[in-house]
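Here's the structure we're looking at; comments come further down.
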Amino acid sequence: MEMEPLTLDVRDDVRAGRDPFSRIMDAVASLELDQSLVLINVFEPVPLYSVMSARGFEHDADRLPDGDWRVRFFRPRAAETAADTHALQ
């Protein structure tokens with residue numbers, strides 16, 4: 001069963017001119033294996049996608065009605081990964 005996601009809202013950091021990268025990476029380091037991170041930001045964090053991909057995360061992103069972004073970073077389930085690998089053989 002998947003754990004409750006960890007939500008991190010970095011909008012105030014960005015608006016104040018602070019780089020939220022270290023806060024984001026600290027949050028990532030605190031995640032359990034089956035826990036996702038929901039990031040709320042004022043812009044779509046496209047550069048973060050490759051950083052998180054290198055750490056084994058996938059993402060889905062939604063632009064909110066107010067123009068801000070909600071991005072969920074998650075690890076693919078081991079069973080789904082195994083099934084995908086088997087299907088490729």
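Here, residue 1 is the first one in the sequence, and each next residue gets the next number. Everything quoted here is computed from the prediction, not taken from an experiment.
- Taking the centre and axis of the six-membered ring of Phe74, the NZ or CZ atom of Arg72 falls inside the cone set by 45° and 6.0 Å.
- Under the 4.5 Å side-chain heavy-atom criterion for ILVMFWY residues, no single connected hydrophobic cluster contains both Leu6 and Ile40.
- Cluster membership check: Val71 does not share its hydrophobic cluster with Leu64, using side-chain heavy-atom separations under 4.5 Å among Ile, Leu, Val, Met, Phe, Trp and Tyr.
- Hydrophobic clustering (side-chain heavy atoms under 4.5 Å, transitive across Ile, Leu, Val, Met, Phe, Trp, Tyr) groups Phe21 together with Phe73.
- Put simply, the side chain of Trp69 does not reach to within 4.5 Å of the side chain of Leu39, judged on heavy atoms.
- Follow the hydrophobic side-chain contacts under 4.5 Å out from Val28 and you reach Val10 in the same cluster.
- Leu37 and Val51 fall within a single hydrophobic cluster, where Ile, Leu, Val, Met, Phe, Trp and Tyr side chains are chained together by heavy-atom contacts under 4.5 Å.
- Leu48 places a side-chain heavy atom less than 4.5 Å from the side chain of Met25.
- Using bins of under 30°, 30° to 60° and over 60° for the plane-to-plane angle, the ring pair His59/Tyr49 lands in the parallel bin.
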Check step by step if side chain to side chain contact (heavy atoms under 4.5 Å, CB included) holds for Leu31 and Arg55.
CA-CA 12 Å; Leu31 294 175; Arg55 288 172 169 74; over 6 Å; no

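- Taking CZ of Arg15 as the reference point, atom CG of Asn41 lies at 9.0 Å (rounded to 0.5 Å).
- For the pair Arg75 (side chain) and Leu33 (backbone), a donor-acceptor distance under 3.5 Å is present.
- Of all the heavy atoms in Arg23 and Asp9, the pair that sits closest is NH1-O, 3.8 Å.
- A distance of 9.5 Å separates CG in Leu8 from CG in Asp26, rounded to the nearest 0.5 Å.
- The minimum heavy-atom distance linking Gln35 with Ser30 is given by the pair OE1-O, 4.3 Å.
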